[in-house]
Amino acid sequence: MSVDVKLFDDLDAVAADAGDALDRAHQPRVYDRIDWFRRTAALCPVPGRPLVARARAGDTALWLFLARKGSKAQALASWYTLDFQPVASGEGMLLLAPLAAQLKNLSHISMSPVADPDPIRAAFRRAGWITAVSPATVTWEVQPPADFDTYWASRPGQLRSTARRKGKKAGLDIAIHRRFDAAAWDAYRAIYEASWKPEEGSWDFMRDFAETEGDASALRLGIASKDGVPIAAQLWHVENGRATIHKLAYREDAKDLSPGTILSEAMFRHVIEQDRPQVIDYGTGNEPYKAEWMDGARKMWRIDCWNPRHPASWPGLLRHLLGLVRRRLSL
């Protein structure tokens, strides 16, 4: 099999080379689309310049989106990227080993968070790299039934009781927007900034994401209000059988009303009944409250790849190997 590998440092050149292969119509995951990488590079920049390796054989292609600084590279990803992987067209993952072999000018590559590290690790090893996989974070998931009532009956009794009691007392008005709405967005920002949450990493990134996904009918933005004042918000993304809870917040001064729980019940009901996803995930992070709504946590991983033929890799590779020795001696 003849494999053509090309390296790019410009995302517009990647898009021109790919045609429509990196667009929504051909990439079911939002994190695999050229627009996502453009948004990340522009609004959540990773240190260094983009380095995109593309491998192609016939109608099959694979892209690895990295950011390079010196001889080191890392995933072209930010805290908004909940699952990073090489982007394939067709059986493109078969091209990862020859692609990795052409990255010989790099000394070290790190990728995170990765859901399934084994194919990446195996391909880089075949190309002569030394690899290590370590835990990065977790993602909580549930595979909901087709109706909300069945899902809700499986949740902890205390959660259902809280939602019932507080829901009657709070008397909240809830609106769930399936398209971008400027007034709802302003309410979401105000709630977030009055919440316990840290400062948002990039409001420009989030607004562009919300507008783009709203245009595609993949946005679910829920706002809960009390006496006309917005007090809780949640931003979901629903597409191709997967619903992801990206952001949630409530005003700290409305905490006693349990607006987060009340809005969550409404959002889960709406998405399960209207969208019927195969999986709902709570993004990344191991916050205890996620266990009440989900069925289990799945580990996400970091992959480190060292090029032993590159002298700049040797200090990091030595630290890795010494760590392995110490762990084995401690057993």
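No hydrogens, no waters, no symmetry mates; every other heavy atom, side chains included, goes into these values.
For Gln102, there are no side-chain hydrogen bond (donor to acceptor under 3.5 Å, both in side chains) partners at least two apart in sequence or on another chain. Residues passing the side chain to side chain contact (heavy atoms under 4.5 Å, CB included) test with Ser78 are Thr40, Cys44, Tyr80, Thr81, sequence neighbours excluded. With sequence neighbours excluded, no residue forms a ring pair (Phe, Tyr, Trp, His ring centres under 6.0 Å) with His177. When the side-chain hydrogen bond (donor to acceptor under 3.5 Å, both in side chains) test is applied to Trp129, no partner is found at least two apart in sequence or on another chain. Considering only residues two or more places apart in sequence or on other chains, Asp208 meets the side-chain hydrogen bond (donor to acceptor under 3.5 Å, both in side chains) condition with Arg39. For Val3, the side chain to side chain contact (heavy atoms under 4.5 Å, CB included) partners two or more places apart in sequence, or in a different chain, are Met1, Val5, Ala55, Ala57, Leu95, Pro98. Scanning for side chain to side chain contact (heavy atoms under 4.5 Å, CB included) contacts around Arg164 gives Ser161, Lys168, with sequence neighbours left out. By the ring pair (Phe, Tyr, Trp, His ring centres under 6.0 Å) test, Trp152 pairs with Phe148, Trp293, sequence neighbours left out.
Of the charged side-chain nitrogens involved, none lies within less than 4.0 Å of a carboxylate oxygen, so that Lys166 and Asp256 do not count as a salt-bridged pair.
Around atom CD of Glu193, more than 12 heavy atoms belonging to other residues, nucleotides or ligands sit under 6.0 Å away. Heavy atoms from other residues, nucleotides or ligands lying under 6.0 Å from NZ of Lys6 number 12 at most. Other residues, nucleotides and ligands place more than 12 heavy atoms under 6.0 Å from the CD atom of Glu287. Surrounding CZ of Arg319 are at most 12 heavy atoms belonging to other residues, nucleotides or ligands under 6.0 Å away. When the shell of 6.0 Å around NZ of Lys72 is examined, it contains 12 or fewer heavy atoms from other residues, nucleotides or ligands.
Counting only residues at least two apart or on different chains, the ring pair (Phe, Tyr, Trp, His ring centres under 6.0 Å) pairs with a member in residues 309-330 are Trp306-His320. Listed by first and then second residue, the salt bridge (charged side-chain N to carboxylate O under 4.0 Å, His left out) pairs that reach into residues 242-252 are Glu141-Arg242, Glu200-Lys247, Arg242-Asp281, Arg251-Asp253, sequence neighbours excluded. Residue pairs meeting the side chain to side chain donor-acceptor pair (under 3.5 Å) criterion with at least one member in residues 7-19, sequence neighbours excluded, are Asp12-Arg38, Asp17-Arg54, Asp17-Arg56. The list of ring pair (Phe, Tyr, Trp, His ring centres under 6.0 Å) pairs with a residue in residues 42-69, not counting sequence neighbours, reads Phe37-Phe65.
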Give the intermediate values and the outcome of side-chain contact (heavy atoms from CB on, under 4.5 Å) for residues Thr212 and Arg24.
CA-CA 11 Å; Thr212 300; Arg24 184 184 300 270; 3.8 Å; yes
Test Tyr188 against Trp203 for ring pair (Phe, Tyr, Trp, His ring centres under 6.0 Å), laying out the working first.
CA-CA 11 Å; Tyr188 164 62; Trp203 280 111; 5.6 Å; yes
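Counting only heavy atoms from C-beta outward, the side chains of Met111 and Leu64 approach each other to under 4.5 Å. Between Tyr282 and Val138, the closest side-chain pair of non-hydrogen atoms is not below 4.5 Å. With a 4.5 Å cut-off on side-chain heavy atoms, Ser264 and Gln234 count as touching. Two residues are said to be in side-chain contact when any heavy atoms from C-beta on lie closer than 4.5 Å; Trp236 and Ile176 fail this criterion. You'll find the side chain of Cys305 stays beyond 4.5 Å of the side chain of His108, heavy atoms only. In this structure the side chain of Gln85 never reaches within 4.5 angstrom of the side chain of Val114, judged on heavy atoms. A 4.5 Å side-chain heavy-atom check between Ser110 and Arg302 finds at least one atom pair inside the cut-off. Annotation: side chain of Asn307 is not in contact with side chain of Leu106 (no heavy-atom distance under 4.5 Å).
In this structure, CZ in Arg49 is found 12.0 Å from CG in Leu76, a value given to the nearest 0.5 Å. With values rounded to the nearest 0.5 angstrom, Thr137 atom OG1 is found 11.0 Å from Arg298 atom CZ. For the atom pair Leu221 CG and Asp181 CG, the distance stands at 8.0 Å (nearest 0.5 Å).
Residue Glu213 is tested with His237, His246, Arg220 for a side chain to side chain donor-acceptor pair (under 3.5 Å); the sole match is His237.
Neither side chain, Trp301 nor Asp116, offers a donor N or O lying under 3.5 Å from an acceptor on the other.
Hydrophobic clustering keeps Phe209 apart from Ile245 (ILVMFWY residues linked when any side-chain heavy atoms are closer than 4.5 Å, directly or through intermediates). Both Leu263 and Tyr151 sit in one connected hydrophobic cluster of ILVMFWY residues. Membership requires side-chain heavy atoms under 4.5 Å apart, directly or through other members.
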